[in-house]
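Read the structure below first, then the notes.
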Amino acid sequence: MTPATDNAPPAGSGAPSDLPGPLAFQLVLLRHMADHQPVLVEDALRQLGVTRAQMREANRRWQARMHNPRARAGLQPYRALLGTPEATAARRIGDLTCKALTWPVPLWPDLRFEVLTAPGGSVWNAWLVRAPGAPAPDLRTTADLVPWSCTVDEVARAFAPAHPMEGSAPTRWRLACTAPGPDGPPQDVIAEFTWGLYQRRAEPTSTGPTTTGTP
C-alpha cells in the first residue's frame with residue numbers, strides 16, 4: 001500500500017469531497033451514536049462546524065464503501081480516511097498475534113481509534129480506546145457511568161465480572177455487570193456502547209445476557 005493510498009481518500013472511499021478524511025470519519029462515529037445521545041451529537045457537530053446533512057452524507061459514503069463487494073477490505077477504508085496510524089504494535093490474543101493500529105480523534109483527545117487486524121490482514125475489531133498516558137475515569141458506582149466518559153474495557157475492569165451481550169448493530173456492544181449504586185446497594189447494569197464508547201444504560205431483561213465472541 002502506497003503512502004498516497006493511505007493519506008488521500010480515493011473516489012468512493014466514504015469521505016465527502018469537501019471534508020478532510022479524519023473529520024469525515026468523526027462524523028461516521030457520531031452518526032452511529034446519534035440514536036443514543038442526540039444532544040451530545042448536536043453539540044459535537046457545532047464544535048466541529050458541520051451540519052447534520054454532512055454527517056449523514058459522510059456516513060452514507062462510508063457505508064457504501066464498506067458494502068462495496070469490489071472494494072478492498074481490511075485496513076484500507078480506515079487508512080483512506082485516517083491516513084498513517086499514530087502507532088502500530090503487536091498484541092497477543094490467546095494463541096494469535098494481531099496488529100493494533102491507532103489514530104488520534106480530535107473530538108475526544110484522551111481517546112484513540114484502534115483497529116485490530118488478524119495475521120492475514122482482516123479486521124477483527126475497531127473501536128475507541130483510552131490514549132496511552134491519558135487518565136482513565138474513576139468508576140466506583142453506577143453514578144460514574146456518564147455518557148462518552150468511559151470505554152468498554154474500563155467498565156469491564158471496574159465492575160468485573162462483566163458479561164458481553166449481543167448488540168443491536170456491528171458497531172455496538174453491551175455489557176452486563178453488577179455495580180454499587182450511588183447509595184451503596186448493588187444494581188444490575190446493562191451498559192451500551194457505540195464504537196467502544198459508553199452511551200447509556202439499558203434495562204435488564206428477564207432472559208439474561210446473551211454472550212458473544214466480541215472482544
Side-chain angles (χ1 to χ4, degrees), residues 1 3 5-10 13-16 19-37 40-41 43-45 47-48 50 54-55 57-66 71-91 93 98-118 121-137 147-157 167 169-173 175 191-199 214-215:
M1 188 174 297
T5 301
D6 289 350
N7 292 287
S13 69
L19 295 177
L23 174 56
F25 189 72
Q26 288 178 94
L27 297 183
V28 173
L29 300 181
L30 290 173
R31 178 62 188 90
H32 288 232
M33 298 178 188
D35 293 339
H36 290 165
Q37 292 296 334
L40 290 179
V41 168
D43 290 342
L45 292 178
Q47 179 179 338
L48 295 173
V50 296
Q54 288 175 301
M55 177 180 71
E57 177 63 8
N59 185 65
R60 184 191 70 79
R61 295 194 181 198
W62 173 259
Q63 294 299 329
R65 173 64 181 83
M66 295 299 286
R72 297 176 64 182
L75 279 171
Q76 197 276 339
Y78 301 98
R79 285 183 177 270
L81 290 189
L82 296 172
T84 302
E86 178 183 68
T88 302
R91 184 173 302 172
I93 299 180
C98 67
K99 184 183 294 185
L101 302 94
T102 55
W103 290 265
V105 188
L107 191 59
W108 296 284
D110 286 344
L111 301 178
R112 294 292 183 269
F113 188 77
E114 178 186 78
V115 176
L116 294 176
T117 63
S122 61
V123 172
W124 274 349
N125 196 33
W127 58 6
L128 293 163
V129 298
R130 189 66 53 186
W148 293 13
S149 69
C150 48
T151 66
V152 171
D153 283 347
E154 290 165 347
V155 174
R157 288 194 299 267
T171 59
R172 293 177 179 175
W173 292 263
L175 286 180
E192 294 189 324
F193 303 82
T194 301
W195 291 107
L197 189 62
Y198 176 71
Q199 301 295 313
T214 303

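Nothing here was measured: the structure is a model prediction, and the numbers come from that model. The chain is numbered in sequence order, starting from 1.
- When every heavy atom of S149 is checked against every heavy atom of P137, the shortest pair comes out as O-CG, 3.4 Å.
- Proximity of a side-chain donor or acceptor of Q37 to a complementary backbone N or O of P147 within less than 3.5 Å is not detected.
- In this structure, A89 has no side chain to side chain contact (heavy atoms under 4.5 Å, CB included) partners at least two apart in sequence or on a different chain.
- Judged as a side chain to side chain contact (heavy atoms under 4.5 Å, CB included), and not counting sequence neighbours, the contacts of R60 are E57.
- Inspection of the W148 and Q199 side chains reveals an N or O donor paired with an N or O acceptor under 3.5 Å.
- Remark: F113 engages F25, Y78, W195 in a ring pair (Phe, Tyr, Trp, His ring centres under 6.0 Å) (not counting sequence neighbours).
- Scored by the side-chain hydrogen bond (donor to acceptor under 3.5 Å, both in side chains) test, T171 finds H32 as partners (sequence neighbours excluded).
- Here salt bridge (Lys or Arg N to Asp or Glu O under 4.0 Å) pairs that include residues 98-107, with residues two or more places apart or in two chains, number zero.
- V105 has its side chain within reach of Q26: a pair of non-hydrogen atoms, C-beta onward, lies under 4.5 Å apart.
- Residues satisfying the side chain to side chain contact (heavy atoms under 4.5 Å, CB included) test with V129, not counting sequence neighbours, are R112, E114, W127.
- Using a 4.5 Å heavy-atom cutoff, the side chains of F193 and T151 are not in contact.
- Considering only heavy atoms from C-beta on, Q54 comes within 4.5 Å of L19 through its side chain.
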